[in-house]
Colleague: 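Below you will find the structure I want to go over with you.
Every chain is numbered from 1 and lettered A, B, ... according to where its sequence line falls, protein lines coming before strand lines.
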Amino acid sequence: MKKFATWNVNSLAVRLPQVLDWLAAHPVDALVLQETKLTDDKFPTAEFGAAGWQVQWFGQKTYNGVALVSRERATDVVRNITGFADEQARVIAGTVDGIRVVGGYFPNGQSPESEKFTYKMNWLTGLRGWLVEELKQHENLVLMGDFNIAPEDRDVYDPVAWAGQIHCTPEEREHFRQLVALGLTDAFRLFEQPPKSWSWWDYRNLAFRKNQGLRIDHILVSDALKARVTACEIDKLPRKNERPSDHAPVIVTIDG
DNA sequence: ATGTCACCTGGTAGGTGA
């Protein structure tokens, strides 16, 4: 049995103790992190190493930044999307125990009218093109991270208010479907789930207390892995911590 | 309720991004 997880930590400098606590309680085979917000020289390798974790990291100043934490050392590590020139540190991939793990911090997009939305669309197209090649080389592949896309209305606490808004536009949802069309499956929807399951709640508006959130953090598994998935869940507990990230971890369990 | 949090620059706060 293997477990893989994703968590947008919104600053690893702030959240490192919570990440180490979570890993101690959830000894997954690999955890991908988003929004580390650390330059590579500041990455806390020693702290992860002392706790028995291998790490690969890819960051920049102030924004973005991703990492791959694993029990076994990841091999064939790739940073960002091969073939898509990008100033922003958003992707880290590696092979862990024979499974290709791709962790991504997808662009937010800000608003459908903004230049950042155009960047998001181009980035998603670049990601898809690269994944075609990754899937050719790696039958067993897990794509996970903060997609910044709520795939369906049931992934949104107020789909009427959010209709056409960022994370919920038809263009973003079409990109999500095109990722699925590569031969990937949203592991969360392989199982019956509690209604109103979200992975992100705005810090504002008492959103967590009112359970007003979106499901924008996802784990997609390749066809070869799909039949082996036995569970997928969102761990809301860390969102109740003091000084929580605004995102909750998502975990998938794979048989064999 | 645009009601928060994190980070930066440049300052005895204000802007940006999410």
Colleague: Check the distance between B/dT16's C1' and A/R204's CZ and give it to me in whole angstrom.
Modeller: 12 Å

Colleague: Rounded to the nearest 0.5 Å, how far does CG of A/D29 lie from CZ of A/R71?
Modeller: 9.0 Å

Colleague: Taking the minimum atom-to-atom distance to the side chain of A/N205, which one of B/dA6, B/dC8, B/dT2 wins?
Modeller: B/dT2

Colleague: Minimum heavy-atom separation for A/L143 to A/L141, with atom names?
Modeller: N-CD2, 3.9 Å

Colleague: Looking across every strand, which nucleic acid part, if any, lies under 4.0 Å from A/Y105 by heavy atom: base, sugar-phosphate, or nothing?
Modeller: sugar-phosphate

Colleague: Between C1' on B/dT4 and CD on A/E242, what's the gap in Å once rounded to a whole number?
Modeller: 15 Å

Colleague: Using the P atom as the reference point in each nucleotide, state the distance between B/dC5 and B/dT12 in Å, no decimals.
Modeller: 25 Å

Colleague: I'd like the P distance from B/dC7 over to B/dT2, given in whole Å.
Modeller: 25 Å

Colleague: Write down the distance between CZ (A/R15) and P (B/dT4), rounded to a whole number of angstrom.
Modeller: 16 Å

Colleague: Decide, yes or no, whether a salt bridge links A/D202 with A/K210 under the criterion of side-chain N to carboxylate O below 4.0 Å.
Modeller: no

Colleague: Counting side-chain heavy atoms from CB outward, which of B/dC7, B/dT9, B/dA18 is closest to A/K61?
Modeller: B/dT9

Colleague: Taking the nucleotide of DNA chain B with the closest heavy atom to each, which residue, A/V14 or A/W200, is nearer the 5' end?
Modeller: A/V14

Colleague: Nearest whole Å is fine: how far is B/dA18 P from A/K116 NZ?
Modeller: 5 Å

Colleague: To the nearest Å, give me how far apart CZ (A/F117) and C1' (B/dG17) are.
Modeller: 17 Å

Colleague: Measure the distance from NZ on A/K210 to C1' on B/dT4 and round it to the nearest whole Å.
Modeller: 13 Å

Colleague: Starting the side chain at C-beta, find the nucleotide from B/dA18, B/dC5, B/dG17 nearest to A/Y203.
Modeller: B/dC5

Colleague: Using links of under 4.5 Å between side-chain heavy atoms of ILVMFWY residues, direct or through other members, which residues join A/L190 in one cluster?
Modeller: A/F4, A/V32, A/F58, A/V66, A/L68, A/V77, A/I92, A/V96, A/I99, A/V101, A/Y105, A/V142, A/M144, A/F188, A/F191, A/I219, A/V221, A/L225, A/V229, A/I234, A/V250, A/V252, A/I254

Colleague: Which whole-number value in Å describes the distance from A/N108 CG to B/dT16 C1'?
Modeller: 12 Å

Colleague: Respond yes when some side-chain nitrogen or oxygen of A/S11 is under 4.0 Å from OP1 or OP2 of B/dC5, and no when none is.
Modeller: no

Colleague: Could you tell me whether A/D255 and A/R228 have a side-chain N and a carboxylate O separated by less than 4.0 Å?
Modeller: no

Colleague: What's the CD-C1' distance between A/Q88 and B/dT16, to the nearest Å?
Modeller: 13 Å

